[in-house]
Undergrad: 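Quick one: structure below, then a few questions.
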Amino acid sequence: MALLNRAGAPPRLRVHLVSRDEELDSLLARRRIAAHLGGLAAVGGACTAGPPPDAALVCDDEAATGRLVAAGVPVVHLCSGHRTASGAPGAAAGALLRQHRPAWLPGPGPQPPGIRTTGLLAPARTAGDRLRGGTLVLLSLYGVAEATARAFAEGVLPALVRAAAERTGRCEVVCDTGLGLVRGALAGRCGPVQVLRAATVDVDGLHAGRAVLLASPTLGVLGLAQARRAPLVFLPPLGGAQEDLAARVRRVVPVPVAGGPDRARVWQPPQEDPWRAPGVAVEDLRGAQRVARSVRQLALAPP
């Protein structure tokens, strides 16, 4: 017989949620999947007190996956971001492995054995606000060389942010890491612009109220734009993974790049929905639900 709590109901199953919060893709993946884990008790942090969780979702943190598997906890390990062929992820044996990638996106090579792709992880709320304005700049500096990040923050970024504020009335800059670098680069050069850390704000909710999205090429950003059929402009790619992803996306979807040869398109609304390109309109946006279902099944019926 199942143990009952004081209210007379069986205790809720506990799911441990882990992500690399300094990486935009990892943070967004955890949040979007967690939105579909209703009825389960989400546990964060180190999870060292009390009994072990009934299952775990680990986004990208292979060390955490290894510890949980060794402790006998069933784990779904999700690789949330884009990886080049030379950077194919590995994870601890014993976990269910998932790779975040939309079906329409050309992959970097054959899928490693044992890893299942998810489709696109869309935000739980796919509608934007009825009245939208201003610009959201989503900047991912995770894994970017310090010299590259500094050159971008002190060179290209201030002019883009200043233009965004002037043309759209307001601008927020949200970055996953390098907050001090970005704030220092923009101070006194762009007027009153908020610079926020992604881990402390509702990124998906913030985007719902903005008219323009300038963002680093990441899979989480694709989920925002495609699910909401919203215009997207890539920031100049920083590092090999962002460059590779931007090139693969642009083979299918005409996403302009700020500061590139198509810079005139940055502030012009697209005449046609870019997400209706061949092969994109039929994309399954239920990747977050699919991963959540796997986590729930592990909690209810561990192997």
Side-chain angles (χ1 to χ4, degrees), residues 19-32 59-61 80-83 100 121 123 134-168 170-225 230-246 249 255-260 266:
S19 63
R20 287 198 297 235
D21 287 358
E22 67 276 17
E23 180 181 5
L24 183 62
D25 272 331
S26 192
L27 172 69
L28 294 181
R30 173 179 58 79
R31 289 176 174 174
R32 292 172 186 177
C59 299
D60 305 291
D61 189 336
S80 67
H82 180 69
R83 302 292 186 269
H100 179 201
L121 303 179
T135 298
L136 174 62
V137 176
L138 270 180
L139 176 60
S140 179
L141 296 178
Y142 179 82
V144 177
E146 182 178 356
T148 302
R150 183 171 298 278
F152 173 78
E154 296 178 351
V156 176
L157 185 61
L160 284 174
V161 171
R162 187 165 54 249
E166 292 172 354
R167 288 174 176 266
T168 67
R170 62 181 297 180
C171 179
E172 289 101 357
V173 179
V174 177
C175 50
D176 50 10
T177 190
L179 193 67
L181 169 64
V182 173
R183 281 180 172 163
L186 297 180
R189 302 176 66 184
C190 303
V193 173
Q194 278 192 304
V195 181
L196 307 167
R197 184 169 178 252
T200 65
V201 296
D202 178 3
V203 175
D204 292 345
L206 195 59
H207 171 259
R210 297 296 164 263
V212 177
L213 175 61
L214 301 179
S216 298
T218 63
L219 293 177
V221 162
L222 292 181
L224 268 181
L232 169 63
V233 177
F234 281 151
L235 293 171
L238 304 176
Q242 290 188 17
E243 291 171 355
D244 186 72
L245 177 59
V249 169
V255 178
V257 177
V266 170

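Starting from 1, each residue takes its place in the sequence as its number.
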Undergrad: With T177, which residues qualify under side chain to side chain donor-acceptor pair (under 3.5 Å), at least two apart?
TA: none
Undergrad: Can you name the nearest heavy-atom pair linking L232 to A225, along with the distance?
TA: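 That closest heavy-atom pairing would be CB-CB, 3.9 Å.
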Undergrad: Only counting residues at least two apart or in another chain, list the ones meeting side chain to side chain contact (heavy atoms under 4.5 Å, CB included) with V249.
TA: W104, L105, L222, F234, L245, V253, V255
Undergrad: Side-chain atoms of residues 134-147: list all donor-acceptor pairs with protein atoms under 3.5 Å, sequence neighbours left out, distances to 0.1 Å.
TA:
| unit_1 | atom_1 | unit_2 | atom_2 | d |
| --- | --- | --- | --- | --- |
| T135 | OG1 | T168 | OG1 | 2.8 |
| S140 | OG | D176 | OD2 | 2.7 |
| Y142 | OH | R20 | NE | 3.2 |

Undergrad: Counting C-beta onward and ignoring hydrogens, is there a side-chain heavy-atom pair between V195 and L186 closer than 4.5 Å?
TA: yes
Undergrad: Between A153 and P158, what is the shortest heavy-atom contact and its length?
TA: O-CD, 3.1 Å
Undergrad: Using the salt bridge (Lys or Arg N to Asp or Glu O under 4.0 Å) rule, take R30 and D21 through it: C-alpha gap first, then chi angles, then the decisive distance, then the call.
TA: CA-CA 9 Å; R30 173 179 58 79; D21 287 358; 3.4 Å; yes
Undergrad: Going by heavy atoms in the side chains, are V257 and V233 under 4.5 Å from each other?
TA: no
Undergrad: Can you check whether A208's main-chain N or O pairs, donor with acceptor, with R210's side chain at less than 3.5 Å?
TA: no
Undergrad: Begin from the C-alpha positions of H100 and H82 and carry the test side-chain contact (heavy atoms from CB on, under 4.5 Å) through to its verdict.
TA: CA-CA 8 Å; H100 179 201; H82 180 69; over 6 Å; no
Undergrad: Any non-hydrogen side-chain atom of Q194 less than 4.5 Å from a side-chain atom of V173?
TA: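 Not in contact.
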Undergrad: Apply the test side-chain contact (heavy atoms from CB on, under 4.5 Å) to residues L181 and R150: give CA-CA distance (whole Å), side-chain angles for both, the deciding distance (0.1 Å), then the verdict.
TA: CA-CA 7 Å; L181 169 64; R150 183 171 298 278; 3.5 Å; yes
Undergrad: Please report the closest heavy-atom contact between L179 and C175, naming both atoms and the distance.
TA: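 Result for this residue pair: CD1-SG, 3.5 Å.
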Undergrad: Main chain of E154, side chain of R189: is a donor-acceptor contact present, judged purely on distance under 3.5 Å?
TA: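 Yes, the answer is positive, given that a donor and an acceptor are paired below the 3.5 Å cut-off.
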Undergrad: Mind checking the SG-CG spacing from C190 to L157? Nearest 0.5 Å is all I need.
TA: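 C190 atom SG to L157 atom CG measures 7.0 Å (nearest 0.5 Å).
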Undergrad: Do side-chain atoms of S26 reach the backbone of E23 as a donor and acceptor pair under 3.5 angstrom?
TA: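 Not at all, since once roles are kept as given, no pair shorter than 3.5 Å links the two residues.
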Undergrad: Could you point out which residue of D25, D60, T218 forms a side chain to side chain donor-acceptor pair (under 3.5 Å) with S80?
TA: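 That would be D60.
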Undergrad: Kindly give the heavy-atom pair with the smallest separation between R31 and A199, and that separation in Å.
TA: NH2-O, 3.0 Å
Undergrad: How far apart are the C-alpha atoms of L121 and L28, what are their side-chain angles, what is the distance that settles it, and do they pass the side-chain contact (heavy atoms from CB on, under 4.5 Å) test?
TA: CA-CA 9 Å; L121 303 179; L28 294 181; over 6 Å; no
Undergrad: Which atoms form the tightest heavy-atom contact between L27 and S19, and what is the distance?
TA: CA-OG, 4.2 Å
Undergrad: Please check if the side chain of R32 supplies one atom and the backbone of G220 the other of a donor-acceptor pair under 3.5 Å.
TA: yes
Undergrad: For residues P217 and L235, report the shortest heavy-atom separation together with the two atoms involved.
TA: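 That closest heavy-atom pairing would be CD-O, 3.9 Å.
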